[in-house]
Amino acid sequence: MNITPKTQQAYSLLHSGTLALARAERQGIRVDLEYTAKKKIHLTKNIERLERNFMETKFYKHWCHTVKNHRPNIHSDSQLGSFLYGVKKLEPTKQTASGKGSTDEEALTSLNIPELNTLLRIKKLKKLRDTYLSAFEREQVNGYLHPFFNLNIARTYRSSSDKPNFQNIPKRDKESMKITRDALFPRPGHQLLAFDFSGLEVCIAATYHNDPTMIKYITDPTSDMHGDMAAQIFMIDDFDRNREDHGTLRQAAKNGFVFPEFYGDYFKNCSDSLACTWGELPHGSWKAGQGIELGDETLSDHMRANGIKSFDAFTEHIKAIEKDFWENRFPVYAKWKERWWKTYQKYGYISMHTGFTCSGVMGKNDVTNYPVQGAAFHCLLWSFIQADRIMIRDKWDTKIIGQIHDEIVLDAHPDEIEMVCKTIKKITCVDLPKEWKWINVPLNIDAEICDVDSSWSNKKKLKI
DNA sequence: GGAACTCGCCAC
DNA sequence: AAACGTGGCGAGTTCC
């Protein structure tokens with residue numbers, strides 16, 4: 001696989017992008033070293049306590065007696081795997097890529113062994129301490145982190161980030177988010193401020209395939225693609241995304257079906273993720289009172305009442321929905337996928353809207369994913385460059401400090417917030433589509449802001 | 001003693 | 001017919 005900037009614009013985007021990103025790298029983000037030191041001690045105490053508890057269990061003693069060729073190590077997944085699936089002869093619910101029994105969170109949880117929950121808790125706390133807080137301490141210079149943003153790594157010509165990676169700091173899990181983001185601050189007297197494109201990859205995909213149903217979903221603010229899919233998947237007539245339980249199902253539909261399908265996944269994986277991970281329902285037959293809460297019933301009650309009484313029946317249901325999804329809901333999108341695969345097979349390359357050419361050995365999914373992922377990031381990068389230029393020209397006290405694929409992060413002066421919002425909004429929603437005529441759908445951004453002098457964990461929605 | 005590999009998990 | 005895209009990074013393990 002090989003992508004080259006084919007046009008002058010493509011080259012200059014990377015050239016200017018590198019310079020703008022370098023300014024953000026030099027600016028950096030403040031890190032609270034007193035906090036990281038204290039929190040690491042706190043985490044270590046908890047980890048050690050859990051380890052002591054675990055090592056007193058019969059489960060662990062059995063492990064120690066049966067481990068071969070190694071010193072017993074509770075942090076070794078390969079020892080754990082041999083013990084569970086080799087010694088105790090448990091049936092793995094999941095395999096790794098190389099065919100061994102999996103020891104990831106889902107696999108361990110499904111075994112219903114209380115000791116394993118302790119182990120999972122230890123793993124989580126160690127990850128927070130060793131991957132995030134320790135890295136912040138290691139990489140800081142005079143109390144500031146300077147994460148790198150690379151444009152020469154990702155095969156799609158997206159960016160990557162390292163030392164430390166600024167693009168994978170926990171967000172979804174509340175506890176992990178708080179522990180890690182409480183270490184990160186703006187300069188004294190400033191506020192962290194971020195803007196992200198809403199549904200950018202979906203919008204950019206639409207600029208390639210022009211599926212009318214998708215364009216309607218993007219253009220009509222009263223429509224809701226993920227809500228519609230949730231209603232279909234979970235068979236709900238009166239779907240209301242503002243109801244808390246329906247909101248959860250909408251999240252499930254979005255992350256367990258819609259996005260995986262767009263990336264090229266298929267119904268078997270989707271039904272597994274929807275039922276087990278999102279719905280908390282088991283393989284096999286479904287009994288009353290199982291799964292996540294849904295008003296005054298549970299998901300299994302609700303699905304059983306609608307004739308879906310087992311995991312296998314649910315999989316068949318998802319299979320039918322997948323067929324409907326591509327054949328009836330988004331047929332133009334589906335045809336585009338086929339057409340692009342044919343084009344690649346015939347000519348050996350495909351072109352991105354942003355002037356890059358992808359060639360070399362690619363799979364079917366790559367051919368449709370790369371141009372979308374790449375061009376979506378290029379929208380952010382172009383906006384980043386313009387914002388950087390204006391920031392310098394107008395001598396902003398506010399500084400750009402980083403970027404997360406479809407999001408730009410700033411360290412802002414309180415007096416400049418309104419002006420910065422206006423500027424970013426104009427660049428992203430007006431200037432960008434004017435510059436790149438192939439953007440034939442409206443783009444929107446959302447903003448989040450933290451209070452003055454407070455950490456990245458307390459961000460709130462900001463109306464712009 | 002370090003390179004390369006596997007596995008797991010964080011982000012979009 | 002086949003079957004999830006892009007990254008970074010830590011820990012354990014294996015190989016040289």
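All values below were derived from every heavy atom in this structure, side-chain atoms included, with hydrogens, water molecules and symmetry-related copies excluded.
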K.L.:
How many Å lie between CD1 on A:Ile404 and P on C:dT6, as a whole number?
P.N.:
20 Å
K.L.:
Is the shortest side-chain N/O distance from A:Ser78 to OP1 or OP2 of B:dC7 below 4.0 Å?
P.N.:
no
K.L.:
Hey, is the side chain of A:Lys364 poking within less than 4.0 Å of OP1 or OP2 on C:dA1, counting only N and O atoms?
P.N.:
no
K.L.:
Looking only at the side chain of A:Ala135 (C-beta and beyond, no hydrogens), which of the listed nucleotides C:dG10, B:dG8, C:dG7 gets closest?
P.N.:
C:dG10
K.L.:
Would you call A:Pro164 and A:Leu145 a side-chain contact if the rule is heavy atoms closer than 4.5 Å?
P.N.:
yes
K.L.:
Measure from the side-chain heavy atoms of A:Arg155 and tell me the nearest of C:dC4, B:dC7, C:dG7.
P.N.:
C:dG7
K.L.:
Just compare B:dA11, C:dC4, C:dT6 and give me whichever is closest to any side-chain atom of A:Asp366.
P.N.:
C:dT6
K.L.:
Are any of the side-chain nitrogens in A:Asp104 or A:Lys94 under 4.0 Å away from the carboxylate oxygens of its partner?
P.N.:
yes
K.L.:
Report the distance from atom CG of A:Asn255 to atom C1' of C:dC4, rounded to the nearest whole Å.
P.N.:
13 Å
K.L.:
Does C:dT6 have OP1 or OP2 under 4.0 Å away from a side-chain N or O of A:Tyr370?
P.N.:
yes
K.L.:
Should A:Ser98 be listed as having a side-chain N or O under 4.0 Å from OP1 or OP2 of B:dC7?
P.N.:
yes
K.L.:
C:dC4 phosphate, OP1 or OP2: any side-chain N/O from A:Asn369 under 4.0 angstrom?
P.N.:
no
K.L.:
Base, sugar-phosphate or nothing for A:Ile153? Non-hydrogen atoms, less than 4.0 Å.
P.N.:
sugar-phosphate
K.L.:
Expressed in angstrom and rounded to an integer, what is the separation of A:Trp341 atom CH2 from C:dA1 atom C1'?
P.N.:
12 Å
K.L.:
Rounded off to whole Å, could you give me the CG-to-P distance for the A:Leu120 and B:dG8 pair?
P.N.:
11 Å
K.L.:
Under 4.0 Å between any heavy atoms, over every strand shown, what does A:Lys127 touch: base, sugar-phosphate, or nothing? Just pick one.
P.N.:
base
K.L.:
Select base, sugar-phosphate, or nothing to describe what A:Lys126 touches, counting heavy atoms under 4.0 Å on all strands.
P.N.:
nothing
K.L.:
Using a heavy-atom cut-off of 4.0 Å across all strands, would you classify A:Arg138 as base, sugar-phosphate, or nothing?
P.N.:
sugar-phosphate
K.L.:
Among the nucleotides C:dT6, C:dG10, B:dC10, which one has an atom lying closest to any side-chain atom of A:Tyr132?
P.N.:
B:dC10
K.L.:
When you check the phosphate oxygens OP1 and OP2 of B:dC9, does a side-chain N or O of A:Arg172 lie under 4.0 Å from one of them?
P.N.:
no
K.L.:
As a test of reading the structure: which of B:dC7, B:dA11, C:dT6 is closest to the side chain of A:Thr103, going by heavy atoms?
P.N.:
B:dC7
K.L.:
Hey, does the side chain of A:His405 come within less than 4.0 Å of C:dG8's phosphate (OP1/OP2), counting only N and O?
P.N.:
no
K.L.:
Tell me: NZ of A:Lys68 to P of C:dG12, nearest whole Å?
P.N.:
21 Å
K.L.:
Counting only side-chain nitrogens and oxygens, does A:Thr96 get under 4.0 Å of the OP1 or OP2 atom of B:dC7?
P.N.:
yes
K.L.:
Within the structure shown, what part of the strands sits under 4.0 Å from A:Glu407 by heavy-atom distance: base, sugar-phosphate, or nothing?
P.N.:
nothing
K.L.:
Please enumerate all residues that pass side chain to side chain contact (heavy atoms under 4.5 Å, CB included) together with A:Asn444, with sequence neighbours excluded.
P.N.:
A:Ser198
K.L.:
Distance to the ring centre below 6.0 angstrom and angle to the axis at most 45 degrees; does that hold for A:Lys268 and A:Tyr266?
P.N.:
no
K.L.:
Answer yes or no: does a side-chain N or O of A:Ser161 lie under 4.0 Å from OP1 or OP2 of B:dA11?
P.N.:
no
K.L.:
Are A:Phe356 and A:Tyr370 close enough that their ring centers fall under 6.0 Å?
P.N.:
no
K.L.:
Consider the side chain of A:His70, meaning its heavy atoms from C-beta on, and name the nucleotide among C:dT13, B:dC7, C:dG8 that approaches it most closely.
P.N.:
C:dT13
K.L.:
Is there a donor N/O on one and an acceptor N/O on the other, under 3.5 Å, for the side chain of A:Gln167 and the base of C:dG7?
P.N.:
no
K.L.:
For A:Asn168 and C:dG8, what is the distance between atoms CG and C1' respectively, to the nearest whole Å?
P.N.:
6 Å
K.L.:
For A:Lys268, which contact category applies under a 4.0 Å heavy-atom criterion: base, sugar-phosphate, or nothing?
P.N.:
nothing
K.L.:
Check this for me: does the side-chain of A:Arg158 come within 3.5 Å of the base of C:dT6 through a donor and an acceptor?
P.N.:
yes
K.L.:
How many Å lie between CG on A:Asp162 and P on C:dG10, as a whole number?
P.N.:
11 Å
K.L.:
Is A:Lys124 paired with A:Asp173 through a side-chain N to carboxylate O contact shorter than 4.0 Å?
P.N.:
yes
K.L.:
To the nearest Å, give me how far apart CD (A:Glu261) and C1' (C:dA3) are.
P.N.:
10 Å
K.L.:
Could you check whether any side-chain heavy atom of A:Asp431 comes within less than 4.5 Å of a side-chain heavy atom of A:Gln386, counting everything from C-beta outward?
P.N.:
no
K.L.:
If you look at every strand shown and take non-hydrogen atoms under 4.0 Å, does A:Thr368 touch a base, only sugar-phosphate, or nothing?
P.N.:
nothing
